[in-house]
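All remarks here apply to the structure that follows.
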Amino acid sequence: MAALRVTAQKLLQTNSAFSPLLAVPALSRACHHEPNFEYINVSKVGEKQNVGMIELNRPKALNALCDGLMAEVQTALKQFEADTDVGCIVLTGAGQKAFAAGADIKEMSGRQFQEVFGGNFLAHWSHLADTTKPVIAAVNGYALGGGCEIAMMCDIIYAGEKARFGQPEIALGTIPGAGGTQRLIRAVGKSLAMEMCLTGNPITAQEAQQAGLVSKVFPADQLVPEAVKTAEKIASHSKLVVAMAKEAVNASQEMTLREGLRFEKRIFHASFATNDRREGMAAFVEKRKADFTDS
Ligand SMILES: CC(C)=CC(=O)SCCNC(=O)CCNC(=O)[C@H](O)C(C)(C)COP(=O)(O)OP(=O)(O)OC[C@H]1O[C@@H](n2cnc3c(N)ncnc32)[C@H](O)[C@@H]1OP(=O)(O)O
């Protein structure tokens, strides 16, 4: 309990001037099992405390994604995956200047080919894309390089009005390595993806929304509360069936239309094996609210 109080105090002190968490209407609570995170803030938020919140917290380095930070994100995601109360996760950056300005260039600059190739550098980042619970990226400010890539690993991207999305690796003499070319082309099409990767120029939140990278744009101070509101809505449904829906949507990126349609239908059939499908339909017929048991 004392540790919980200290963590909550730390959360408030660290970000009291600008933390988007403070704008979340429902009480946010630091996680019970929280190890000593150095680079991120982790809490459960929402009225029912069923939304996992991960806030990248290296504001002096514009939340650059050093190895330690990415390892902590992986740990927090594993915790939320295992937490049966959590139905959705929100990933955001501390402050409004940056979601994340990319991989930590200072850390990366001395690395050699044999180290990055031999050690399969960046492989562990994909944990974010493999999460079975839905993840919403709430992007204020810069989402550049790896920052844009981790946003694209999430299932939904909401942006603040001043967000900037870009793949500026070309100016560093390298190229995106955590899905920047592949996910971008699927999200915005070849011409814009190519332009972004070859010029390094970022696009605005509004351009990203028009092109399809972002689903909604909000005033900066409303971004996280809106993301939490959506996360709460998702968390109010059956976690089992939410995972099925997420898998079906994601499958389309890797399948032909014919394969995707078959896969979707089979998952739809599978939902009939769940108690929650029975409960959801019974609740509609009986004109009452469904009481899902995630079974
Ligand atoms: C994942 C893969 C495969 C690759 C990558 O992600 S490579 C990185 C791609 N990202 C970038 O190239 C962006 C680098 N940052 C910038 O261009 C600028 O910082 C900016 C345009 C985002 C903001 O410029 P501003 O003038 O407002 O702020 P700065 O003084 O430049 O930055 C403040 C502070 O943060 C440090 N910083 C920023 N980005 C990074 C980064 N990616 N890695 C490490 N450190 C970063 C910056 O050095 C400065 O700190 P110091 O004053 O202590 O040097």
Side-chain angles (χ1 to χ4, degrees), residues 15 17-26 28 41 45-46 51-57 59 62-63 65 88-102 128-129 131 134-168 176 178-180 183-197 199-235 245-246 249-250 253:
N15 298 303
F18 51 98
S19 172
L21 292 189
L22 299 179
V24 176
S28 81
N41 295 321
V45 300
V51 175
M53 173 70 71
I54 302 175
E55 189 187 49
L56 311 176
N57 188 30
L62 303 186
N63 302 326
L65 307 168
C88 191
I89 299 162
V90 173
L91 177 68
T92 193
Q96 291 179 1
K97 184 164 177 183
F99 173 72
L128 194 48
T131 307
V135 185
I136 303 177
V139 177
N140 262 325
Y142 295 112
L144 302 179
C148 186
E149 290 170 314
I150 63 167
M152 290 191 290
M153 287 178 201
C154 297
D155 301 297
I156 297 171
I157 306 180
Y158 281 2
E161 279 168 345
K162 293 198 173 138
R164 294 282 179 278
F165 296 84
Q167 298 292 162
R183 290 200 171 88
L184 203 54
I185 199 166
R186 284 164 176 78
V188 303
K190 178 173 167 180
S191 180
L192 184 54
M194 191 68 89
E195 186 182 329
M196 289 170 71
C197 291
T199 65
N201 292 341
I203 58 171
T204 64
Q206 294 72 19
E207 288 165 337
Q209 186 181 24
Q210 255 178 7
L213 183 62
V214 159
S215 53
K216 288 187 182 143
V217 178
F218 299 98
D221 60 342
Q222 285 168 36
L223 173 68
V224 172
E226 290 291 343
V228 170
K229 207 188 289 174
T230 300
E232 284 186 282
K233 173 87 187 197
I234 292 170
K246 169 171 165 160
V249 175
N250 280 340
Q253 294 190 314

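Here the structure is a predicted model, which means the values were calculated and not measured.
- Between Asn250 and Asp155, some side-chain heavy-atom pair lies under the 4.5 Å cut-off.
- Gln253 contributes atom CD, which lies 7.5 Å from atom CZ of Arg183 (distance to the nearest 0.5 angstrom).
- In terms of heavy-atom proximity, Ala193 sits nearest to Val188 at N-CG2, 3.7 Å.
- Minimum interatomic distance between Phe99 and Ala138 (heavy atoms only, all atoms of both residues): CD1-O, 3.6 Å.
- A donor-acceptor contact shorter than 3.5 Å links the side chain of Asn140 to the backbone of Ala220.
- Contacts of Lys229 classified as salt bridge (charged side-chain N to carboxylate O under 4.0 Å, His left out), with partners at least two apart in sequence or in another chain: Glu226.
- Each of Ile157, Thr204, Ile156 was evaluated against Val214; a single residue qualifies, Ile157, per the side-chain contact (heavy atoms from CB on, under 4.5 Å) test.
- Nearest heavy atoms, Cys154 versus Ala137: SG-CB, 3.7 Å.
- Taking CZ of Phe165 as the start and CE of Met196 as the end, the distance is 8.5 Å to the nearest 0.5 Å.
- Taking every heavy atom of both residues into account, Pro176 and Glu149 meet most closely at CB-OE2, 3.2 Å.
- Annotation: side chain of Thr131 is not in contact with side chain of Met153 (no heavy-atom distance under 4.5 Å).
- Residue Lys162 places its NZ atom among 12 or fewer non-hydrogen atoms of other residues, nucleotides or ligands, all under 6.0 Å distant.
- Considering CG of Leu62 and NZ of Lys97, their distance stands at 5.0 Å, rounded to 0.5 Å.
- Sparse packing is recorded around CD of Gln210, with 12 or fewer heavy atoms of other residues, nucleotides or ligands lying under 6.0 Å away.
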ask   = Is there a side chain to side chain contact (heavy atoms under 4.5 Å, CB included) between Glu195 and Asn201 once you walk through the steps?
value = CA-CA 8 Å; Glu195 186 182 329; Asn201 292 341; 5.6 Å; no
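- Closest non-hydrogen pair, Ile234 versus Cys88, comes out as CD1-SG, 4.0 Å.
- In this structure the side chain of Gln96 reaches within 4.5 angstrom of the side chain of Asp221, judged on heavy atoms.
- Between the side chain of Gln167 and the main chain of Cys197, no donor-acceptor pair closer than 3.5 Å is present.
- The shortest heavy-atom contact between Ala163 and Ala159 is CB-CB, 4.0 Å.
- Taking the side chain as every heavy atom from C-beta outward, Met53 and Thr92 approach each other to under 4.5 Å.
- When the side-chain contact (heavy atoms from CB on, under 4.5 Å) test is applied to Ala100, the partners found at least two apart in sequence or on another chain are Leu56, Asn63, Leu65.
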